[in-house]
Amino acid sequence: MEKVLREGDEHPEFVHAFNAYAPAGDVTGDVVYVNYGSIEDLTKLQEEFGMSVKGKICLARYGNIFRGDKVKNCQDAGAIGMILFSDPIDVAVNGTD
């Protein structure tokens with residue numbers, strides 16, 4: 001369960017955030033930004049910047065390709081974890097006011 005951040009979060013019918021189909025676990029490692037997590041993104045990261053995701057946690061933004069493919073691509077490249085986020089440039093182009 002997440003920590004209670006706002007009144008009402010502790011309501012008995014409140015559904016806490018979770019990632020279905022992901023096993024429970026705890027990983028610790030360096031975080032590497034992988035853009036969308038596509039094969040092209042990972043190849044560019046390796047070839048142009050000499051950066052491997054092996055043993056690292058990948059940070060990828062939603063969009064462009066299926067989220068499951070992002071995880072699979074990074075897993076195949078040796079990543080130990082994945083964080084997906086919604087990029088404000090994609091979801092809040094005009095800001096949040």
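Reckoned from all heavy atoms, side chains included, excluding hydrogens, waters and symmetry mates.
Between N35 atom CG and L42 atom CG the span is 9.5 Å, to the nearest 0.5 Å. Taking CD1 of I39 as the start and SG of C74 as the end, the distance is 10.0 Å to the nearest 0.5 Å.
Nearest heavy-atom pair, V34 versus A60, reported as atom, atom and distance to 0.1 Å: CG2-CB, 3.7 Å.
Legend: residues meeting side-chain hydrogen bond (donor to acceptor under 3.5 Å, both in side chains) with K72, ordered by chain and number and at least two apart, are D76. Partners of I65 under the side chain to side chain contact (heavy atoms under 4.5 Å, CB included) rule, at least two apart in sequence or in another chain, are S38, D69, K70, N73.
Legend: salt bridge (charged side-chain N to carboxylate O under 4.0 Å, His left out) pairs involving residues 24-37, not counting sequence neighbours: none detected. Here salt bridge (charged side-chain N to carboxylate O under 4.0 Å, His left out) pairs that include residues 44-56, with residues two or more places apart or in two chains, number zero.
Side-chain atoms of R61 and L84, non-hydrogen and from C-beta on, never get closer than 4.5 Å to each other.
As a member of the Ile/Leu/Val/Met/Phe/Trp/Tyr network built from side-chain separations under 4.5 Å, Y33 groups with V27, V31, I57, L59, I80, I83, F85.
Using a distance-only test at 3.5 Å, with no hydrogens or angles considered, a donor-acceptor pair links the side chain of D41 to the main chain of Y36.
V53 and V71 are not part of a single hydrophobic cluster, where members link through side-chain heavy atoms under 4.5 Å apart.
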